[in-house]
Q: 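Can you read through this structure? Questions will come right after.
This chain uses plain numbering: 1 for the first residue, then up along the sequence. Just so we're clear, the structure is a prediction, and the values are computed from it rather than from any experiment.
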Amino acid sequence: AHDEQIRDKETKNIGEKPSRMGGYFTTLKEKTLNETFPFVKAKLHSGKKKTLDYVSSLYYSKRAPIEKYGEECEDIEKIWDGFVDAFVGTLHAQGGAGCASRAPCFSDGDDGKGGGTKEIETRNRRTARERVVTIGDLHGDLEQTKRAFRACHLTNSNDKWIGGKTTVVQVGDQLDRGPDEVAVMYFLERVAEEAERSGGELVRILGNHETLNIAGRFRYAQREGCADFTRWRDRQKIGMELKKMCFGSEKQMERRYRKKKQTNWCAYETGEKRHEKLPSWIREDDVHSINRWKAVCPGGEFTKRFFAGKNVAERVGSTLFVHAGVLEHHALYGLENINKDIREWASNAENPRGVPPSHVQSDQSIVWARDYAHTEEERCDCAKLSRALHFLPGVERVVVGHTIQKGGGGATAACDGKVLRVDVGMSRGCGGNTSEGVEILNDGEKITRMVDGQGRQPMTGVESRFQPIL
């Protein structure tokens with residue numbers, strides 16, 4: 001009888017006679033909606049109100065959302081920082097294998113003079129290693145950089161570290177002459193982290209193009225390279241906006257990082273008024289150069305992350321690595337003192353337009369000298385190298401970049417094997433020659449070239465010591 005009444009009622013309402021089951025389910029649907037809809041509506045309204053309150057707090061609250069909604073954001077706080085850094089870093093790295101999971105540079109508790117996290121090497125000596133690989137100038141060419149690392153069996157086809165306990169020394173000039181400067185720096189940082197996890201190491205030293213940029217001299221930078229620093233700044237801003245969703249305003253974030261003695265790797269400028277006044281040679285309408293300078297000037301966020309903790313001279317066993325050349329007066333002053341002076345200058349945000357130290361200025365400085373790097377024998381002054389080595393006990397050979405080895409023969413040796421010259425002009429901005437590196441086994445027992453697509457090859461100047469390694 002109940003079903004008959006329902007059918008009659010529905011027939012009147014919709015003009016047709018439904019089935020018995022149709023009437024039953026229609027009633028059930030109406031009953032369910034009548035009982036549950038007010039409850040669901042109330043829940044939705046409550047959720048919407050909470051969401052609006054949360055969003056409003058990003059703009060109007062004096063407290064950061066992480067503080068106002070502490071319990072609700074507790075789990076997010078633990079992962080949000082790292083997620084945003086990884087997201088932004090992967091954009092900088094142009095995708096691929098991504099970026100480092102942590103940034104090996106200064107923390108807010110550092111004094112900017114070489115202290116800080118484990119990654120910063122204030123010493124310039126390392127004991128001898130079984131396998132050392134050195135790679136020359138990269139000059140903003142990401143693809144050629146990756147090819148060099150693969151050729152030396154340091155990374156696989158996915159650009160992940162496979163070098164085991166190998167120590168790699170890249171002899172500087174990562175910047176200028178190419179369009180991928182930012183991506184190259186993030187690539188090196190990520191590979192360094194992976195190498196450390198495997199017991200290996202990637203040591204990066206400063207060349208004349210890094211010191212030129214820190215000093216605000218961009219005459220070797222490509223227009224596309226300068227534009228890349230504008231993109232770097234924009235991506236950093238994206239990261240800052242994402243972090244604001246949880247940590248509040250930039251001032252609130254700054255207090256939070258300082259309290260936790262951490263560094264905000266999405267920061268894009270110091271905020272100091274002294275950085276607002278540009279060097280006289282940078283035009284006020286040159287946006288890309290302005291953004292580049294604010295990133296790489298002494299104490300700038302890019303410099304703090306990638307350059308301020310690096311040296312211009314590194315020693316592994318009996319091999320000394322410098323960018324251009326070591327001379328007698330460098331050895332007498334002390335390589336550790338030169339490293340210290342340059343680190344202090346690069347990290348000094350108090351004087352971003354200050355005069356660079358003399359160690360990076362003249363053609364006789366450690367990042368500019370070419371005295372024994374020329375391929376023409378008559379221009380290669382081995383006597384100067386011998387005098388310098390006399391004041392560097394235990395050093396048997398010096399590895400340099402800076403001067404492209406012409407003739408298409410790749411890296412060369414000279415002065416009876418006392419100097420290895422590894423700048424082969426692999427960047428497209430320097431000729432686009434075949435990527436390669438030099439392998440030093442057992443502290444100089446065997447020295448060979450490792451060439452992209454060709455494997456191990458003999459090195460001019462050390463042929464008698466070359467033995468094929470299968």
Q: Is atom CD of Glu284 surrounded by more than 12 heavy atoms (other residues, nucleotides or ligands) closer than 6.0 Å?
A: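 No, the 6.0 Å shell around CD holds no more than 12 heavy atoms from other groups.
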Q: State, yes or no, whether a side-chain contact exists between Phe307 and Gln174 at a heavy-atom distance under 4.5 Å.
A: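 When only atoms from C-beta onward are counted, Gln174 and Phe307 do touch, with a gap below 4.5 Å.
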Q: Looking only at atom types and distance, does a side-chain atom of Arg129 sit under 3.5 Å from a main-chain N or O of Thr127, one as donor and one as acceptor?
A: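 Confirmed, Arg129 side chain pairs with Thr127 backbone.
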Q: To the nearest 0.5 Å, how far apart are OG1 in Thr155 and NZ in Lys160?
A: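 That separation rounds to 10.5 Å.
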Q: Side chains of Lys243 and Asp81: does their closest heavy-atom pair fall under 4.5 Å?
A: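 Sidechains of Asp81 and Lys243: in contact.
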Q: How far does CD1 of Ile342 sit from OG of Ser358, to the nearest 0.5 angstrom?
A: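 Result: 9.0 Å between the selected atoms.
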Q: Between Arg305 and Thr303, do the side chains contain an N or O donor and an N or O acceptor separated by less than 3.5 Å?
A: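 Judged by distance alone, the side chains do not pair up.
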Q: Flag the pair Arg147 and Asp141 as a salt bridge only when some basic side-chain nitrogen lies within less than 4.0 angstrom of an acidic carboxylate oxygen.
A: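 Judged by the 4.0 Å cut-off on N to carboxylate O distance, Arg147 and Asp141 do not form a salt bridge.
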Q: Can you check whether Leu138 reaches Leu188 side chain to side chain, under 4.5 Å on heavy atoms?
A: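 The answer is yes, as the side chains (C-beta and beyond) meet within the 4.5 Å cut-off.
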Q: Surrounding NE2 of His329 (heavy atoms of other residues, nucleotides or ligands, distance under 6.0 Å), is the total greater than 12?
A: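 For His329, atom NE2 is crowded (more than 12 foreign heavy atoms under 6.0 Å).
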Q: Measure across Ile447 and Val462 and return the closest heavy-atom pair with its distance rounded to 0.1 Å.
A: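 What the structure gives for the nearest pair is O-CG2, 4.1 Å.
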Q: State whether the side chain of Glu181 and the backbone N or O of Asp176 hold a donor-acceptor pair below 3.5 Å, judged by distance alone.
A: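 Yes: the side chain of Glu181 pairs with the backbone of Asp176.
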Q: If only side-chain N and O atoms count, and only distance matters, is there a donor-acceptor pair under 3.5 Å linking Thr319 with Arg397?
A: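 Side-chain D/A pair, Arg397 to Thr319: present.
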Q: What do you reckon, Cys382 and Cys415 SGs under 2.5 Å?
A: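 Judged by the SG atoms alone, which are under 2.5 Å apart, Cys415 and Cys382 are bridged.
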Q: If I compare all heavy atoms of Leu175 with all of Glu210, which pair ends up nearest, and what's the gap?
A: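 Closest pair (atom of Leu175, atom of Glu210, distance): N-OE2, 2.9 Å.
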Q: Does any donor atom in the side chain of Arg177 or Ser427 lie under 3.5 Å from an acceptor atom in the other side chain?
A: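 No - no donor-acceptor pair under 3.5 Å links their side chains.
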Q: Test Phe229 against Val296 for side-chain contact (heavy atoms from CB on, under 4.5 Å), laying out the working first.
A: CA-CA 9 Å; Phe229 276 91; Val296 302; 3.7 Å; yes
Q: What I'd like to find out is whether the side chain of Thr434 reaches to under 4.5 Å of the side chain of Met426, using heavy atoms alone.
A: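 They are not in contact (no side-chain heavy atoms under 4.5 Å apart), so the answer is no.
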Q: If every non-hydrogen atom of Pro298 is compared with every non-hydrogen atom of Trp345, which pair is closest and at what distance?
A: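 For Pro298 versus Trp345, the nearest heavy atoms are CB-O, 3.3 Å.
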Q: Given 3.5 Å as the limit, does a donor-acceptor pair link the side chain of Ser362 with the main chain of Gln364, or not?
A: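 Such a contact is found between Ser362 side chain and Gln364 backbone.
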Q: Could you check whether atom CD of Gln454 has more than 12 heavy atoms from other residues, nucleotides or ligands sitting under 6.0 Å from it?
A: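 Enclosed.
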Q: Show your working on ring-ring contact (aromatic ring centres under 6.0 Å, His included) between Trp368 and His323 and close with a plain yes or no.
A: CA-CA 8 Å; Trp368 282 98; His323 176 64; 8.5 Å; no
Q: With a 4.5 Å limit on heavy-atom distance, are the side chains of Asp159 and Phe149 in contact?
A: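 They are not in side-chain contact.
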Q: Looking at Lys237 and Glu241, is there a salt bridge between them, counting it only when a charged N and a carboxylate O are closer than 4.0 Å?
A: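 Salt bridge: no.
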Q: To the closest 0.5 Å, what do you measure between CG (Asp234) and CG (Asn291)?
A: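 Separation between the atoms: 7.5 Å.
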Q: Ignoring hydrogens and geometry, is there a side-chain-to-backbone donor-acceptor pair from Asp452 to Ala148 under 3.5 Å?
A: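 No, Asp452 side chain to Ala148 backbone: no donor-acceptor pair under 3.5 Å.
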Q: Identify whether NZ of Lys or CZ of Arg in Arg292 sits under 6.0 Å from the centre of the six-membered ring of Trp232 and within 45° of that ring's axis.
A: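 Pair Arg292/Trp232 does not count as cation-pi.
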Q: With a 3.5 Å distance limit and no angle check, can you tell me whether Glu439 reaches the backbone of Met450 through a side-chain donor-acceptor pair?
A: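 Such a contact is absent between Glu439 side chain and Met450 backbone.
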Q: Tell me whether the rings of Phe83 and Phe87 are parallel (<30°), tilted (30 to 60°) or perpendicular (>60°).
A: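 Answer is parallel, since the angle falls under 30°.
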Q: For Thr263 and Tyr257, what are the C-alpha separation, side-chain angles and deciding distance, and is it a side-chain contact (heavy atoms from CB on, under 4.5 Å)?
A: CA-CA 6 Å; Thr263 300; Tyr257 285 111; over 6 Å; no
Q: Hey, does Arg131 have a side-chain heavy atom less than 4.5 Å from the side chain of Lys165?
A: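 Sidechains of Arg131 and Lys165: no contact.
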Q: Distance-only, no hydrogens or angles: does the Arg233 side chain make a donor-acceptor pair with backbone N or O of Ala295 under 3.5 Å?
A: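 Answer holds: no.
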Q: Start with the C-alpha distance between Val326 and Tyr372, add both sets of side-chain angles, then the distance that settles side-chain contact (heavy atoms from CB on, under 4.5 Å), and finish with yes or no.
A: CA-CA 10 Å; Val326 63; Tyr372 43 82; 3.5 Å; yes
Q: Evaluate side-chain contact (heavy atoms from CB on, under 4.5 Å) for Ser386 paired with Lys418, printing each intermediate quantity in order.
A: CA-CA 9 Å; Ser386 296; Lys418 292 179 181 177; 4.1 Å; yes
Q: Could you give the distance from CG (Asn213) to CG (Leu206), rounded to the nearest 0.5 Å?
A: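 Result: 11.0 Å between the selected atoms.
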Q: Atom CD in Glu376, atom NZ in Lys406: separation rounded to 0.5 Å?
A: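 With rounding to 0.5 Å, CD (Glu376) is 6.5 Å from NZ (Lys406).
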Q: Dump the intermediate steps for salt bridge (Lys or Arg N to Asp or Glu O under 4.0 Å) on Glu194 and Arg190, then the final yes or no.
A: CA-CA 6 Å; Glu194 293 177 2; Arg190 194 252 310 155; 3.2 Å; yes
Q: Using modelled atom types and a 3.5 Å cut-off, is there a donor and acceptor pairing between side-chain atoms of His288 and backbone atoms of Asp228?
A: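 Side chain of His288 to backbone of Asp228, a donor-acceptor pair under 3.5 Å: no, none is there.
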Q: What is the distance from atom CG of Leu320 to atom CG of Leu389, rounded to the nearest 0.5 Å?
A: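 Leu320 CG to Leu389 CG: 8.0 Å, rounded to 0.5 Å.
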Q: Any ion pair linking Glu143 and Lys146 (charged N to carboxylate O, less than 4.0 Å)?
A: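 Salt bridge between Lys146 and Glu143, a charged N being under 4.0 Å from a carboxylate O: no.
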Q: Within the side chain of Asp173, is there an N or O that forms a donor-acceptor pair under 3.5 Å with the backbone of His139?
A: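 No, the answer is negative, given that no donor and acceptor are paired below the 3.5 Å cut-off.
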Q: State, with a plain yes or no, whether a side-chain heavy atom of Asp371 is found less than 4.5 Å away from one of Leu385.
A: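 Sidechains of Leu385 and Asp371: no contact.
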Q: Side chain of Gln236, backbone of Trp265: donor and acceptor closer than 3.5 Å?
A: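 Such a contact is found between Gln236 side chain and Trp265 backbone.
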Q: What are the two closest non-hydrogen atoms of His92 and Tyr186, and how far apart are they?
A: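 Of all heavy-atom pairs spanning His92 and Tyr186, the closest is CD2-OH, 3.2 Å.
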Q: Hey, does Arg343 have a side-chain heavy atom less than 4.5 Å from the side chain of Asn311?
A: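 A side-chain contact exists here, since the closest heavy-atom pair is under 4.5 Å.
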Q: Cut-off 3.5 Å, side chains only: do Asn208 and Tyr220 have a donor facing an acceptor?
A: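 No, because no side-chain N or O of Asn208 sits under 3.5 Å from a partner of the opposite role on Tyr220.
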Q: What are the two closest heavy atoms between Leu327 and Ala369, and how far apart are they?
A: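 Residues Leu327 and Ala369, closest heavy atoms: CD1-CB, 4.1 Å.
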Q: Where the side chain of Arg428 meets the backbone of Cys430, is there a donor-acceptor pair that is under 3.5 Å apart?
A: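 Here the side-chain-to-backbone pair does not exist.
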Q: Can a salt bridge be assigned to the pair Glu224 and Arg231 using a cut-off of 4.0 Å between side-chain N and carboxylate O?
A: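 Salt bridge: yes.
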Q: Of Val169, Thr167, Thr166, which is the lone residue that meets side-chain contact (heavy atoms from CB on, under 4.5 Å) with Glu201?
A: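 The residue from Val169, Thr167, Thr166 that satisfies side-chain contact (heavy atoms from CB on, under 4.5 Å) with Glu201 turns out to be Thr167.
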Q: Looking at every non-hydrogen atom in both residues, tell me the closest pair between Val312 and Asn339 and how far apart they are.
A: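 Taking every non-hydrogen atom into account, N-OD1, 2.9 Å.
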